[in-house]
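This structure is a prediction, so every number in the text was calculated from the model and none was measured.
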Amino acid sequence: MAAASEPQILRNLLDLAAALVVALGLAHSFLGERYILQRLLRREDLPRLFGSADFTRRTLRFAWHVTSVAWLGLAAVLAIESRRPVSLL
């Protein structure tokens, strides 16, 4: 059995990284919602941004989940890069 070439190893590592980043994004969204946001948003002493604690709650939830979307975007970039031709110096 022949050893994998360096470009193929690089592609495999980029695919692995993409899969791990997807898992990270999903875990960030699910676990953050369950263990951080729910407890944080139950508090009665949240600041009232623009006159409403509801606005504060929605802003916190949006900011949390937009970070999860950013992780998924990074995974997409890694997956795309793993399909491009590799040029080793």
**Student:** Which atom names give the shortest non-hydrogen contact between Ala79 and Ala18, and what distance separates them?
**Tutor:**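 Where Ala79 meets Ala18 most closely, the heavy atoms are N-CB, 4.0 Å.
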
**Student:** Got a sec, which residues hit side-chain hydrogen bond (donor to acceptor under 3.5 Å, both in side chains) with Arg43, two or more places apart in sequence or on another chain?
**Tutor:** Asp45

**Student:** Leu74: what forms a side chain to side chain contact (heavy atoms under 4.5 Å, CB included) with it, not counting sequence neighbours?
**Tutor:** Val21, Trp71, Leu78

**Student:** Which value, rounded to the nearest 0.5 Å, describes the distance between Leu20 atom CG and Leu13 atom CG?
**Tutor:** 10.5 Å

**Student:** With sequence neighbours excluded, tell me which residues meet side chain to side chain contact (heavy atoms under 4.5 Å, CB included) with Ala53.
**Tutor:** Arg48, Arg57

**Student:** When rounded to the nearest 0.5 angstrom, what distance separates CG in Leu14 from CD1 in Ile80?
**Tutor:**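 So the CG of Leu14 and the CD1 of Ile80 are separated by 12.0 Å.
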
**Student:** How long is the gap from CG on Leu41 to CD1 on Ile36, to the nearest 0.5 Å?
**Tutor:**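 That separation rounds to 11.0 Å.
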
**Student:** Return each pair, listed once, that meets side-chain hydrogen bond (donor to acceptor under 3.5 Å, both in side chains) where at least one residue sits in residues 20-37; pairs must be two or more places apart or across chains.
**Tutor:**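 Only His28-Ser68, Ser29-His65, Glu33-Arg61, Glu33-His65 qualify under side-chain hydrogen bond (donor to acceptor under 3.5 Å, both in side chains).
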
**Student:** Please report the interatomic distance CG(Leu72) to CG(Leu26), rounded to the nearest 0.5 Å.
**Tutor:** 6.0 Å

**Student:** Apply side-chain hydrogen bond (donor to acceptor under 3.5 Å, both in side chains) to Asp15 and list each qualifying residue two or more places apart in sequence or on a separate chain.
**Tutor:** Ser82, Arg83

**Student:** Sequence neighbours excluded, which residues qualify as ring pair (Phe, Tyr, Trp, His ring centres under 6.0 Å) partners of Phe30?
**Tutor:** none

